[in-house]
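Read through the structure below, which is laid out as structure tokens, and then see the notes.
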Amino acid sequence: MSLTLDSYRLLGRSGLRVSPLALGTATFGTEWGWGAEKSEARKLFDTYVERGGNFIDTANTYTNGSSERQLGEFARDRRESLVLATKYTTLRRPGDPNSAGSHRKSLFASVEASLRQLGTDYLDLLYLHVWDFATPVEEILRGLDDLVRRGKVLYVAMSNVPAWEISRMQAIADLRGWSPLVGLQVEYNLVNRAAERDLIPMARAMGLGVTPYSPLAGGVLTGKYRTAPAAGTRASFNAGLGVVTERNLAIADVVAEVAGELGHTPAQVALAWTLRNPGVTAPIVGARTPEQLEGNLGALAVEFTAAQLTRLDEASAIDLGYPHDLLAGDHIRAVMRGDLKLEARR
């Protein structure tokens with residue numbers, strides 16, 4: 001069934017209603033050498049909210065702070081009706097090691113800076129942006145809980161964190177009566193399905209709504225790349241990251257085939273595939289022009305046949321690895337024969 005931006009969903013174990021596609025604002029500003037000028041960013045914002053969208057994603061250091069500043073200005077007259085999500089942990093001041101990281105000093109300073117840049121007195125959703133492998137989880141959780149109790153943050157979430165750390169934190173938060181985690185932001189798309197191994201199943205079990213970033217795999221799934229770069233040649237940014245490979249281009253070809261059958265664009269098909277995963281709450285879509293955004297929002301109207309979904313799934317399938325493959329094997333199934341409850345849960 002077709003969706004609209006006002007087909008709101010609950011975010012994880014919270015009662016917070018969010019749109020099924022979030023607007024990503026890393027394109028608000030041109031400080032990184034690409035992105036949208038302020039007037040174009042305003043059009044992106046207006047297009048999204050006028051269609052009923054309420055879930056907007058940013059971070060404290062996107063475009064050197066311009067993303068938060070512009071978003072705060074655009075949202076000023078309708079602040080209460082929007083769900084503004086931002087992040088902390090990335091370096092804010094070169095040369096100052098404590099201006100980055102997951103620790104309490106970084107957390108409190110980053111939140112105060114985000115509040116100033118956004119021109120608001122509270123954040124709807126705060127993500128830990130990147131795991132630093134150094135800060136004790138109790139320090140992180142207590143700091144987040146303190147901010148919630150002070151009313152500066154309403155909900156807390158994780159991004160780019162190992163599944164076992166998140167599940168441990170959720171258990172600690174529940175046992176100590178601290179604010180639970182309600183969201184998880186991960187890279188997830190037809191090219192990169194690694195989150196299916198542990199992160200997405202963990203999120204479903206622990207009550208975290210998943211908000212995937214890069215649902216178009218850096219543009220690979222739009223069909224903009226036709227060949228993988230030859231060794232030693234000058235490559236584009238995404239090609240340089242190793243995203244443009246023969247495997248990924250083959251996946252993009254299947255996406256294009258299905259798009260042709262449905263009368264939609266490859267980008268809309270790729271987004272719709274991510275959106276239909278029952279473990280996903282709201283993929284994050286970014287754009288540099290209103291036309292790109294309108295095209296992405298068309299993913300809400302895509303409806304697949306079972307055969308088309310099978311083709312997309314088979315073209316992009318990954319090896320889940322141990323212990324998933326072992327537990328799905330015929331030998332283990334034979335050993336466990338008769339345990340119908342286990343089979344039903346899996």
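Everything numeric here is computed off the predicted structure, so don't read it as measured data. Values below: all heavy atoms of this structure, side chains included; hydrogens, waters and symmetry mates excluded.
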Cluster question for you: counting only ILVMFWY and a side-chain heavy-atom cut-off of under 4.5 Å, with indirect links fine, are [X] and [Y] together?
X	Y	value
F133	V161	yes
L309	V258	yes
Y8	V83	no
L293	V49	yes
L128	F108	yes

Any donor-acceptor N/O pair, [X] side chain to [Y] backbone, under 3.5 Å:
X	Y	result
N296	G286	yes
T289	Q292	yes
T89	G101	no
N54	S19	yes
T27	G35	no
R168	A163	no
S7	L3	no
T63	G65	no
S316	V191	no
T25	D57	yes

Lys/Arg N to Asp/Glu carboxylate O, [X] vs [Y], below 4.0 Å:
X	Y	result
R150	D146	no
E73	R42	no
D325	R197	no

Donor on one side chain, acceptor on other, [X] and [Y], under 3.5 Å:
X	Y	value
N60	S114	no
R9	T281	no
T61	R92	no
T47	E294	no
T310	D313	no

Original post:
Of E68, Q70, K87, which is the lone residue that meets side-chain hydrogen bond (donor to acceptor under 3.5 Å, both in side chains) with Y62?
Top reply: K87

**OP:** Give me the one residue out of Y213, W131, Y127 that meets side-chain hydrogen bond (donor to acceptor under 3.5 Å, both in side chains) with N160.
**Re:**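 The passing option is Y213.
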
Original post:
Between W273 and V302, does a side chain to side chain contact (heavy atoms under 4.5 Å, CB included) hold up when you go through it step by step?
Top reply: CA-CA 9 Å; W273 177 89; V302 174; over 6 Å; no

Other residues, nucleotides and ligands only: do more than 12 of their heavy atoms fall within 6.0 Å of [atom1] on [X]?
X	atom1	result
R142	CZ	no
E50	CD	yes
E139	CD	yes
R17	CZ	no

Answer yes or no: is there a side-chain heavy-atom contact under 4.5 Å between [X] and [Y]?
X	Y	answer
M202	L184	yes
L208	V182	no
Y88	H129	no

Subject >> E112 vs K152, side chain to side chain contact (heavy atoms under 4.5 Å, CB included): CA-CA, chis, key distance, verdict >> reply: CA-CA 9 Å; E112 292 296 339; K152 295 194 174 186; 2.2 Å; yes

**OP:** Applying salt bridge (charged side-chain N to carboxylate O under 4.0 Å, His left out), run through E291 and K43 and close with a yes or a no.
**Re:** CA-CA 10 Å; E291 292 74 23; K43 292 176 184 177; over 6 Å; no

Which heavy atom of [X] sits nearest a heavy atom of [Y], and at what distance?
X	Y	value
V156	V153	CG1-CG1, 3.9 Å
L44	A287	CD1-O, 3.3 Å
S102	D132	N-OD2, 2.9 Å
A22	Y48	CA-OH, 3.7 Å
Q268	A299	O-CB, 3.4 Å
V186	A195	CG2-CB, 4.1 Å

Subject >> Intermediate values then yes/no, side chain to side chain contact (heavy atoms under 4.5 Å, CB included), L312 and V254 >> reply: CA-CA 7 Å; L312 291 169; V254 177; 4.0 Å; yes

In Å, rounded to the nearest 0.5 Å, how long is the span from [atom1] of [X] to [atom2] of [Y]?
X	Y	atom1	atom2	answer
L190	N248	CG	CG	10.0 Å
S66	L71	OG	CG	12.0 Å
L144	Y155	CG	OH	15.0 Å
S14	L181	OG	CG	12.0 Å

**OP:** Give the intermediate values and the outcome of side chain to side chain contact (heavy atoms under 4.5 Å, CB included) for residues L275 and L271.
**Re:** CA-CA 6 Å; L275 182 62; L271 274 169; over 6 Å; no

**OP:** Report yes or no: is the cationic atom of R79 (NZ for Lys, CZ for Arg) under 6.0 Å from the centre of the six-membered ring of Y122, at an angle within 45° of the ring normal?
**Re:**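 Positive - R79 is close enough to the ring of Y122 and near enough to its axis.
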
**OP:** Take R116 and D121, measure what salt bridge (charged side-chain N to carboxylate O under 4.0 Å, His left out) needs, and give me the verdict at the end.
**Re:** CA-CA 8 Å; R116 289 193 298 270; D121 55 4; over 6 Å; no

Original post:
Of the options T86, V148, L84, which is the one that meets L126 in a side chain to side chain contact (heavy atoms under 4.5 Å, CB included)?
Top reply: T86

**OP:** I would like to know whether E303 and S2 meet side chain to side chain donor-acceptor pair (under 3.5 Å); could you show each step before the answer?
**Re:** CA-CA 7 Å; E303 297 186 40; S2 295; 3.2 Å; yes

